[in-house]
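All remarks here apply to the structure that follows.
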Amino acid sequence: MVKTEASSGSVIEFWFDFSSGYAYFAALEIEALAERVGRSLVWRPFLLGTAFQVTGARGLSSTPIKSDYARRDWARMARRKGVPFLLPANHPVICLAAVRVFYWIDQQDTQKASVFARRVFELYYRGLLNTADLDAVTVLAAEQGFELQDVKRGAAGEHIKQLARKTAEAGVARGVFGSPFFFVDGEPFWGSDRLDMLENWIVTGGW
(Lines give C-alpha, C1' and ligand atoms only; values in the text may rest on other atoms or scores of the structure.)
Protein backbone atom coordinates (compact mmCIF):
# COMPACT_ATOMS: atom_id res chain seq x y z
CA MET A 1 0.00 0.00 0.00
CA VAL A 2 1.34 3.43 -0.95
CA LYS A 3 1.62 5.92 1.88
CA THR A 4 -0.06 9.22 1.15
CA GLU A 5 0.21 12.39 3.20
CA ALA A 6 -3.03 14.23 3.79
CA SER A 7 -3.00 18.02 3.80
CA SER A 8 -3.49 18.06 7.54
CA GLY A 9 -1.30 21.07 8.22
CA SER A 10 1.11 18.94 10.21
CA VAL A 11 3.66 17.83 7.60
CA ILE A 12 6.01 19.07 4.94
CA GLU A 13 6.39 16.59 2.09
CA PHE A 14 9.82 16.61 0.46
CA TRP A 15 9.84 14.92 -2.96
CA PHE A 16 13.18 14.51 -4.68
CA ASP A 17 15.44 12.56 -6.99
CA PHE A 18 18.77 11.73 -5.37
CA SER A 19 20.48 12.76 -8.64
CA SER A 20 19.02 16.27 -8.47
CA GLY A 21 21.69 18.78 -7.47
CA TYR A 22 19.08 21.25 -6.29
CA ALA A 23 17.50 18.54 -4.14
CA TYR A 24 20.88 18.09 -2.42
CA PHE A 25 20.93 21.73 -1.36
CA ALA A 26 17.31 21.52 -0.22
CA ALA A 27 18.10 18.42 1.83
CA LEU A 28 20.76 20.37 3.70
CA GLU A 29 18.17 22.90 4.90
CA ILE A 30 14.74 21.30 4.99
CA GLU A 31 15.04 19.61 8.39
CA ALA A 32 16.02 22.84 10.15
CA LEU A 33 13.15 24.59 8.38
CA ALA A 34 10.66 21.96 9.51
CA GLU A 35 11.91 22.27 13.07
CA ARG A 36 11.59 26.08 13.02
CA VAL A 37 7.95 25.93 11.94
CA GLY A 38 7.03 22.94 14.10
CA ARG A 39 6.20 20.56 11.27
CA SER A 40 7.11 16.94 10.73
CA LEU A 41 9.00 16.11 7.56
CA VAL A 42 8.20 13.33 5.11
CA TRP A 43 10.98 12.26 2.74
CA ARG A 44 9.77 10.95 -0.62
CA PRO A 45 12.50 9.95 -3.09
CA PHE A 46 11.40 9.10 -6.62
CA LEU A 47 12.80 8.85 -10.12
CA LEU A 48 12.33 12.04 -12.14
CA GLY A 49 11.92 9.86 -15.19
CA THR A 50 8.43 9.02 -13.94
CA ALA A 51 7.49 12.70 -14.21
CA PHE A 52 9.32 13.17 -17.50
CA GLN A 53 7.22 10.43 -19.07
CA VAL A 54 4.19 12.62 -18.39
CA THR A 55 5.63 16.09 -19.02
CA GLY A 56 7.96 15.25 -21.90
CA ALA A 57 10.73 17.19 -20.15
CA ARG A 58 14.40 16.21 -19.88
CA GLY A 59 16.69 16.37 -16.90
CA LEU A 60 18.96 19.38 -16.53
CA SER A 61 22.09 17.24 -16.72
CA SER A 62 21.05 15.73 -20.04
CA THR A 63 19.88 18.96 -21.68
CA PRO A 64 22.39 20.95 -23.74
CA ILE A 65 23.20 24.46 -22.44
CA LYS A 66 21.06 23.92 -19.33
CA SER A 67 23.49 21.23 -18.18
CA ASP A 68 26.47 23.58 -18.28
CA TYR A 69 24.55 26.26 -16.44
CA ALA A 70 23.28 23.87 -13.76
CA ARG A 71 26.75 22.57 -13.00
CA ARG A 72 28.05 26.12 -12.69
CA ASP A 73 25.10 27.10 -10.51
CA TRP A 74 25.52 24.09 -8.20
CA ALA A 75 29.22 24.82 -7.79
CA ARG A 76 28.64 28.44 -6.83
CA MET A 77 25.80 27.50 -4.48
CA ALA A 78 28.16 25.10 -2.74
CA ARG A 79 30.83 27.79 -2.44
CA ARG A 80 28.32 30.26 -1.05
CA LYS A 81 26.95 27.79 1.49
CA GLY A 82 30.37 26.38 2.32
CA VAL A 83 29.36 22.76 1.71
CA PRO A 84 31.04 19.90 -0.18
CA PHE A 85 29.97 19.35 -3.76
CA LEU A 86 31.56 16.94 -6.22
CA LEU A 87 29.50 15.26 -8.89
CA PRO A 88 30.28 11.62 -9.68
CA ALA A 89 31.93 11.16 -13.07
CA ASN A 90 28.85 9.33 -14.36
CA HIS A 91 26.31 11.89 -13.09
CA PRO A 92 23.33 11.75 -13.39
CA VAL A 93 22.86 8.24 -12.05
CA ILE A 94 19.51 6.47 -12.23
CA CYS A 95 19.25 6.00 -8.47
CA LEU A 96 16.72 3.17 -8.45
CA ALA A 97 18.67 1.04 -5.96
CA ALA A 98 18.86 3.90 -3.46
CA VAL A 99 15.15 4.62 -3.83
CA ARG A 100 14.18 1.00 -3.25
CA VAL A 101 16.46 0.64 -0.23
CA PHE A 102 14.97 3.84 1.19
CA TYR A 103 11.43 2.46 0.95
CA TRP A 104 12.45 -0.84 2.46
CA ILE A 105 13.97 0.99 5.44
CA ASP A 106 10.96 3.29 5.61
CA GLN A 107 8.74 0.26 6.06
CA GLN A 108 10.83 -0.71 9.10
CA ASP A 109 11.67 2.66 10.65
CA THR A 110 10.80 6.05 9.16
CA GLN A 111 13.43 7.90 11.17
CA LYS A 112 16.19 5.57 9.98
CA ALA A 113 14.98 6.05 6.41
CA SER A 114 15.50 9.81 6.70
CA VAL A 115 19.01 9.25 8.10
CA PHE A 116 19.73 6.93 5.16
CA ALA A 117 18.50 9.57 2.69
CA ARG A 118 20.79 12.19 4.20
CA ARG A 119 23.75 9.82 3.94
CA VAL A 120 22.98 9.07 0.30
CA PHE A 121 22.99 12.79 -0.50
CA GLU A 122 26.16 13.37 1.51
CA LEU A 123 28.15 10.64 -0.20
CA TYR A 124 26.75 11.02 -3.71
CA TYR A 125 27.65 14.71 -3.78
CA ARG A 126 31.16 13.96 -2.62
CA GLY A 127 31.58 11.58 -5.54
CA LEU A 128 31.73 8.60 -3.19
CA LEU A 129 28.55 6.63 -3.89
CA ASN A 130 27.01 4.91 -6.89
CA THR A 131 23.28 5.13 -6.10
CA ALA A 132 22.53 2.56 -8.79
CA ASP A 133 24.64 -0.09 -7.05
CA LEU A 134 22.52 -2.12 -4.64
CA ASP A 135 25.57 -3.43 -2.80
CA ALA A 136 26.89 0.10 -2.23
CA VAL A 137 23.65 1.57 -0.94
CA THR A 138 22.93 -1.50 1.19
CA VAL A 139 26.10 -0.74 3.16
CA LEU A 140 24.50 2.56 4.19
CA ALA A 141 21.46 0.69 5.43
CA ALA A 142 23.74 -1.52 7.49
CA GLU A 143 24.98 1.63 9.22
CA GLN A 144 21.46 1.89 10.65
CA GLY A 145 21.73 -1.59 12.16
CA PHE A 146 20.04 -3.63 9.42
CA GLU A 147 21.41 -6.94 8.20
CA LEU A 148 22.87 -6.67 4.70
CA GLN A 149 21.11 -9.72 3.35
CA ASP A 150 17.75 -8.59 4.74
CA VAL A 151 18.11 -5.23 3.02
CA LYS A 152 19.17 -6.73 -0.30
CA ARG A 153 16.39 -9.28 -0.24
CA GLY A 154 13.78 -6.73 0.74
CA ALA A 155 14.85 -4.02 -1.70
CA ALA A 156 14.87 -6.55 -4.56
CA GLY A 157 11.46 -7.91 -3.62
CA GLU A 158 8.36 -7.29 -5.67
CA HIS A 159 6.58 -5.48 -2.84
CA ILE A 160 9.21 -2.74 -2.58
CA LYS A 161 9.58 -2.48 -6.35
CA GLN A 162 5.86 -1.86 -6.66
CA LEU A 163 5.81 0.49 -3.66
CA ALA A 164 8.58 2.66 -5.10
CA ARG A 165 6.91 2.77 -8.50
CA LYS A 166 3.43 3.48 -7.20
CA THR A 167 4.69 6.15 -4.80
CA ALA A 168 6.33 7.98 -7.69
CA GLU A 169 3.20 7.65 -9.82
CA ALA A 170 1.06 8.93 -6.95
CA GLY A 171 3.33 11.95 -6.58
CA VAL A 172 3.15 12.77 -10.28
CA ALA A 173 -0.63 12.37 -10.19
CA ARG A 174 -0.69 15.01 -7.46
CA GLY A 175 1.39 17.39 -9.56
CA VAL A 176 5.01 16.55 -8.78
CA PHE A 177 7.01 17.29 -11.93
CA GLY A 178 10.47 18.29 -10.70
CA SER A 179 13.01 17.94 -7.92
CA PRO A 180 12.95 19.13 -5.25
CA PHE A 181 9.21 19.49 -4.86
CA PHE A 182 7.27 20.20 -1.68
CA PHE A 183 3.71 20.09 -0.42
CA VAL A 184 2.57 21.98 2.65
CA ASP A 185 -1.05 22.58 3.62
CA GLY A 186 -2.03 21.33 0.17
CA GLU A 187 0.14 23.97 -1.51
CA PRO A 188 2.84 22.88 -4.00
CA PHE A 189 6.30 24.46 -4.15
CA TRP A 190 8.95 23.58 -6.74
CA GLY A 191 12.65 24.22 -6.35
CA SER A 192 15.20 24.75 -3.61
CA ASP A 193 14.84 28.50 -4.16
CA ARG A 194 11.27 28.28 -2.84
CA LEU A 195 12.24 27.26 0.68
CA ASP A 196 11.96 30.82 2.01
CA MET A 197 8.54 31.19 0.42
CA LEU A 198 7.45 27.82 1.78
CA GLU A 199 8.50 28.82 5.29
CA ASN A 200 6.75 32.16 5.02
CA TRP A 201 3.62 30.43 3.76
CA ILE A 202 3.52 28.27 6.88
CA VAL A 203 4.28 31.12 9.27
CA THR A 204 1.71 33.49 7.80
CA GLY A 205 -0.95 30.94 6.97
CA GLY A 206 -0.65 31.58 3.25
CA TRP A 207 -1.86 34.35 1.01
Side-chain angles (χ1 to χ4, degrees), residues 1-60 63 66 69-70 73-74 76-78 80-83 85 95 99 102-103 105-107 109-118 120-122 125 163-207:
M1 182 177 179
V2 177
K3 292 184 181 179
T4 58
E5 282 63 49
S7 301
S8 61
S10 63
V11 303
I12 298 172
E13 294 178 52
F14 174 31
W15 293 77
F16 59 89
D17 188 311
F18 282 116
S19 294
S20 163
Y22 291 112
Y24 165 67
F25 292 108
L28 295 176
E29 300 180 22
I30 189 63
E31 289 187 307
L33 187 158
E35 184 174 353
R36 286 195 300 271
V37 297
R39 299 292 182 99
S40 58
L41 179 63
V42 175
W43 297 69
R44 284 291 168 262
F46 74 107
L47 297 184
L48 266 172
T50 307
F52 294 160
Q53 290 174 5
V54 176
T55 65
R58 296 174 61 184
L60 283 175
T63 304
K66 286 185 178 182
Y69 174 82
D73 195 35
W74 295 333
R76 80 182 159 203
M77 287 177 71
R80 185 177 184 221
K81 295 175 182 295
V83 298
F85 188 84
C95 53
V99 171
F102 172 92
Y103 283 111
I105 298 174
D106 194 48
Q107 294 275 289
D109 187 316
T110 298
Q111 185 59 39
K112 288 184 177 182
S114 65
V115 174
F116 168 82
R118 291 195 301 271
V120 170
F121 273 122
E122 175 188 356
Y125 290 97
L163 176 62
R165 179 181 63 80
K166 290 180 179 179
T167 298
E169 291 174 350
V172 173
R174 292 173 60 202
V176 175
F177 60 83
S179 171
F181 204 97
F182 310 89
F183 287 106
V184 61
D185 301 336
E187 192 73 11
F189 296 87
W190 171 44
S192 61
D193 59 346
R194 289 296 184 265
L195 287 178
D196 287 345
M197 183 183 288
L198 183 153
E199 183 169 3
N200 189 247
W201 181 275
I202 296 172
V203 171
T204 63
W207 56 87

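In this chain, numbering begins with 1 at the start of the sequence shown.
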For a quick test of reading the model, state the closest non-hydrogen atom pair linking [X] to [Y] and the distance between them.
X	Y	result
Gln111	Asp109	N-OD1, 3.0 Å
Pro45	Tyr103	O-OH, 2.8 Å
Ala23	Phe16	CB-CB, 3.7 Å
Ala78	Phe85	CB-CB, 3.4 Å
Gly59	Phe52	N-CE1, 3.3 Å

message: Centroid separation under 6.0 Å, is that true for the rings of Tyr22 and Tyr24?
response: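 No, the ring centres sit 6.0 Å or more apart.
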[X] side chain near [Y] side chain, heavy-atom distance below 4.5 Å:
X	Y	answer
Asp196	Glu29	no
Arg58	Lys66	no
Phe46	Thr167	no
Arg39	Asp185	yes
Ile12	Ile202	yes
Glu13	Arg174	yes
Leu195	Phe182	yes
Val37	Val184	no

field: Lys/Arg-Asp/Glu bridge criterion (N-O < 4.0 Å) met for Asp73, Arg80
entry: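 Result for this pair is no, no salt bridge flagged.
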- prompt: Would you call Glu169-Arg165 a salt bridge at under 4.0 Å N-O?
  reply: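 Salt bridge: yes.
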- prompt: If only atom types and distance count, is the side chain of Ser192 paired as donor or acceptor with the main-chain N or O of Phe25 below 3.5 Å?
  reply: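 Such a contact is absent between Ser192 side chain and Phe25 backbone.
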- prompt: Looking only at atom types and distance, does a side-chain atom of Asp17 sit under 3.5 Å from a main-chain N or O of Ser179, one as donor and one as acceptor?
  reply: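 A pair under 3.5 Å: no.
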[atom2] on [Y] to [atom1] on [X], rounded to 0.5 Å:
X	Y	atom1	atom2	answer
Ser19	Leu47	OG	CG	8.5 Å
Thr110	Lys112	OG1	NZ	11.5 Å
Glu187	Leu198	CD	CG	9.5 Å

query: With sequence neighbours excluded, what pairs up with Val54 under the side chain to side chain contact (heavy atoms under 4.5 Å, CB included) test?
result: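 Expected list: Val172.
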query: Around atom CH2 of Trp201, are there more than 12 heavy atoms of other residues, nucleotides or ligands at under 6.0 Å?
result: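 Atom CH2 in Trp201 is packed in, count exceeds 12.
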- prompt: Where do Phe183 and Val176 land on the side chain to side chain contact (heavy atoms under 4.5 Å, CB included) test, with the steps shown first?
  reply: CA-CA 9 Å; Phe183 287 106; Val176 175; 3.5 Å; yes
query: Parallel under 30°, tilted from 30 to 60°, perpendicular over 60°: which one fits the rings of Phe121 and Trp43?
result: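 The rings of Phe121 and Trp43 sit tilted, inter-plane angle from 30° to 60°.
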- prompt: What residues form a salt bridge (charged side-chain N to carboxylate O under 4.0 Å, His left out) with Arg194, not counting sequence neighbours?
  reply: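 So Arg194 forms no salt bridge (charged side-chain N to carboxylate O under 4.0 Å, His left out) with any residue.
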